[in-house]
Amino acid sequence: MKILVAVKRAIDYNVKARPKADGSAVDLANVKMSMNPFDEIAVEEAIRIQEAGNASETIAVSIGPKQCQETLRTAMAMGVDRGILVETDEEIQPLAAAKVLKAVIEKEQPELVLLGKQAIDDDSNQTGQMLAALLGWPQGTFACGVALADGGLEVRREIDGGIQTVKLKLPAVVTSDLRLNEPRYVKLPNIMKAKKKPLDTLTVDELGVDVTPRLTLLKAAEPPARQGGIKVPDVATLVDKLRNEAKVI
Amino acid sequence: MTALVVAEHDNAALNPATLNAIAAAQAIGGDVDVLVAGSGSQPVADAAAQVAGVRKVLHADAAHYGHALAENLAPLVVSLAEPYEHILAAATTTGKNVMPRVAALLDCAQISDIIGVESSDTFIRPIYAGNVIATVKSADAKKVITVRTTAFDPVAASGGSGAVEAAASADDAGLSEFVGEELTKSDRPELTAADIIVSGGRGVGSSENFAVIEALADKLGAAVGASRAAVDAGYVPNDYQVGQTGKVVAPNLYVAVGISGAIQHLAGMKDSKVIVAINKDEEAPIFGVADYGLVGDLFKEVPAMVEALDK
Ligand SMILES: Cc1cc2nc3c(=O)[nH]c(=O)nc-3n(C[C@H](O)[C@H](O)[C@H](O)COP(=O)(O)OP(=O)(O)OC[C@H]3O[C@@H](n4cnc5c(N)ncnc54)[C@H](O)[C@@H]3O)c2cc1C
């Protein structure tokens, strides 16, 4: 089985994003970027399936500017066999990302595609589901467990009430939730090795995909700030404030 | 202009989150229809018809709709989509699973997790863990939307008199199968619907120690929540997680105990009316959003609070 995993270059999870002063966009100047944390989990899962002897090849795909090469190198340093960058400076919204990935998948013919459940920049939580729709494949979203089971895939999913298990036919799309695994740390020798792994570059035009954004950002604003609160000296004061000032208990 | 709201339910009762999604549909304006797709789901269709302001209920009942599998539900929604300009669902795990599949099949963008409606094509939604509030305009003929339930007051569950119409079922896509469910059982209020929430973090230290949090929750009639760290460590089940990538809550009172206040956690609770933080580190970022902060050891302060509430 060949596995393809999609990785997005996104704001680092330790950075607090801010809108630009003129409200036209999010201010990403000089902001630290990393692989979207959920995609790291997806990469880890692909590698684990391969290490268990159930995958012949693992391929990472990223869509975006030249710097996404770094994201792909990270995936390869973790253990993925090769990388594909679909290079573009256009804004790629989830539907466009799904269409680009579909075009790559038609070339590569993987049987399993792994993605993060959501990117921590636009928080859309759409691309995996859209990709599955466009391919006509089943989807195992918010996965916390993936197991190959008699020719199909059994996926445990984190849902609002607990855990749901579904069985999917292959090929399938799976999106990772936080508890799927704990991604490995990249070791220095593997970073060196990753530099020698193949990294192909494609363009959106070559793939023949229309990536025109469907949503226009009219305004990026700060959220309303909370009024500063107070420190209370003890529990008695706290309970009194909650009863008589805030009147919430 | 007409909107279709995809109802969420367990074939017996309508999930209250649907009432918030209907409220968002009404905020857009125009008529609102509701789709109930399920198996043995007549009681849900009847309940949806009672909801204030619902024009009619489309009811599709077949075995393969029993568990809201996206592979089956999405084509059904698409087959019914023609007359609708807006198609909405609550941004629950079900809505998040199904709606992007609907959007892609319609070749539309999805507008995720809206918290406000500016006009019929322009919506407000949080991005970057709620640190930026985006106003976005859709260029698509149909708008597929998920709704952040805390941002829209629910419509009344009764008072309506919508008609129930049978909708033709689509075939079983045969791609996926429901195997089973392990649902967290609790007598406490549901997290996203609770008036008061007491949440514990890594500071609680173990699953046994969570009894301290539960005792306070029970005293207050509250739901119990948690940070990601507490869930990852196995102190509590996954569905307790509050935050950017867990549940978003906005109760009247949120008590954060042994939680540092990472941006990902704040994203899920900072719209609560009143926030209390109990933490032994006076520098913890959670105090930056707390209305009332108590610096101290949770194992002393929380039992003391339970006692003080008795007085
Ligand atoms: C992709 C991604 C998504 C994430 N999504 C979420 C999410 O949805 N929700 C979420 O919560 N987090 C999320 N996180 C994790 C987040 O970044 C933090 O790691 C997490 O919220 C920390 O949890 P915590 O506050 O319980 O633990 P810590 O940060 O370790 O804080 C523990 C706190 O307990 C206090 N404490 C310890 N002992 C005591 C005591 N005896 N008495 C009183 N106080 C005590 C400490 O002072 C400290 O402030 C996400 C992270 C990533 C990368």
Should we say atom [atom1] of [X] is surrounded by more than 12 heavy atoms from elsewhere, each under 6.0 Å from it?
{"X": "A:K2", "atom1": "NZ", "result": "yes"}
{"X": "A:Q227", "atom1": "CD", "result": "no"}
{"X": "A:E108", "atom1": "CD", "result": "yes"}
{"X": "A:E90", "atom1": "CD", "result": "no"}
{"X": "B:E307", "atom1": "CD", "result": "no"}

Could you look at [X] and say if it's the side chain, the backbone, both or neither that has a heavy atom under 4.5 Å from chain B?
{"X": "A:Q126", "result": "both"}
{"X": "A:E154", "result": "side chain"}
{"X": "A:R179", "result": "side chain"}
{"X": "A:A132", "result": "both"}
{"X": "A:D234", "result": "backbone"}
{"X": "A:P233", "result": "backbone"}
{"X": "A:Y13", "result": "both"}
{"X": "A:R214", "result": "both"}
{"X": "A:V232", "result": "both"}

Leading residue by heavy atom contact count with chain B [cutoff under 4.5 Å; candidates [options]]:
{"options": "A:D160, A:L242, A:I230, A:L215", "value": "A:D160"}
{"options": "A:I163, A:L95, A:L134, A:V166", "value": "A:I163"}
{"options": "A:A220, A:P19, A:S124", "value": "A:S124"}
{"options": "A:V239, A:V248, A:L153, A:V155", "value": "A:V248"}
{"options": "A:T212, A:D121, A:D177, A:T237", "value": "A:D121"}

Options [options], ranked by heavy-atom pairs under 4.5 Å with chain A, top entry:
{"options": "B:L175, B:V136, B:V102, B:I127", "result": "B:L175"}
{"options": "B:A134, B:P75, B:P126", "result": "B:A134"}
{"options": "B:G180, B:A139, B:S176", "result": "B:G180"}
{"options": "B:D113, B:L191, B:D195, B:V231", "result": "B:V231"}
{"options": "B:G296, B:S112, B:A91, B:A308", "result": "B:S112"}
{"options": "B:R101, B:E181, B:Q241", "result": "B:R101"}

For residues [X] and [Y], report the shortest heavy-atom separation together with the two atoms involved.
{"X": "B:M305", "Y": "A:V235", "answer": "CA-CG1, 3.4 Å"}
{"X": "B:K273", "Y": "A:A246", "answer": "NZ-O, 4.3 Å"}
{"X": "B:E71", "Y": "A:L168", "answer": "OE2-CD2, 4.2 Å"}
{"X": "B:S272", "Y": "A:R226", "answer": "O-NH1, 2.7 Å"}
{"X": "B:V132", "Y": "A:P223", "answer": "N-CD, 4.4 Å"}
{"X": "A:Q129", "Y": "B:P100", "answer": "CB-CB, 3.5 Å"}

- Query: Applying the side chain to side chain donor-acceptor pair (under 3.5 Å) test to B:Y292, which of A:E245, A:K241, A:K231 qualifies?
  - Reply: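 Of the listed options, the one satisfying the test is A:E245.
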Test side chain to side chain contact (heavy atoms under 4.5 Å, CB included) applied to A:F142 and B:T245, step by step | CA-CA 10 Å; A:F142 327 143; B:T245 64; over 6 Å; no
Evaluate the criterion side chain to side chain contact (heavy atoms under 4.5 Å, CB included) for residue pair A:I159 and B:L183; output intermediate values, then yes/no. CA-CA 9 Å; A:I159 58 168; B:L183 300 182; 4.1 Å; yes
A:Q164 and B:T94: side chain to side chain contact (heavy atoms under 4.5 Å, CB included), yes or no, with the steps? CA-CA 11 Å; A:Q164 181 190 64; B:T94 304; over 6 Å; no
Using non-hydrogen atoms and a 4.5 Å limit, figure out which bit of [X] sits close to chain A: side chain, backbone, both or neither.
{"X": "B:K185", "answer": "neither"}
{"X": "B:L309", "answer": "both"}
{"X": "B:I196", "answer": "side chain"}
{"X": "B:K137", "answer": "both"}

Problem set entry | Distance (rounded to the nearest 0.5 Å) between B:T146 OG1 and A:N125 CG |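 Going from the OG1 atom of B:T146 to the CG atom of A:N125 covers 8.5 Å.
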Rounded distance (nearest 0.5 Å) linking atom CD1 of A:I120 with atom OH of B:Y128:
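These two atoms lie 9.5 Å from each other.
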Check ion pair [X]-[Y] (N to O, under 4.0 angstrom):
{"X": "A:R156", "Y": "B:E182", "answer": "yes"}
{"X": "A:K99", "Y": "B:D107", "answer": "yes"}
{"X": "A:D123", "Y": "B:R125", "answer": "no"}

### Query
For chain A, which residues from residues 280-290 of chain B have at least one heavy atom closer than 4.5 Å to it?
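Contacts with chain A: B:E282, B:F287, B:V289, B:A290.
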Notebook entry, point to check: Run the side chain to side chain donor-acceptor pair (under 3.5 Å) check on B:N97 and A:Q139 step by step: do they pass?
Noted result: CA-CA 9 Å; B:N97 184 42; A:Q139 63 189 50; 2.8 Å; yes
| task | State, with a plain yes or no, whether a side-chain heavy atom of B:T135 is found less than 4.5 Å away from one of A:L217. | result |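 A side-chain contact is absent here, since even the closest heavy-atom pair is not under 4.5 Å.
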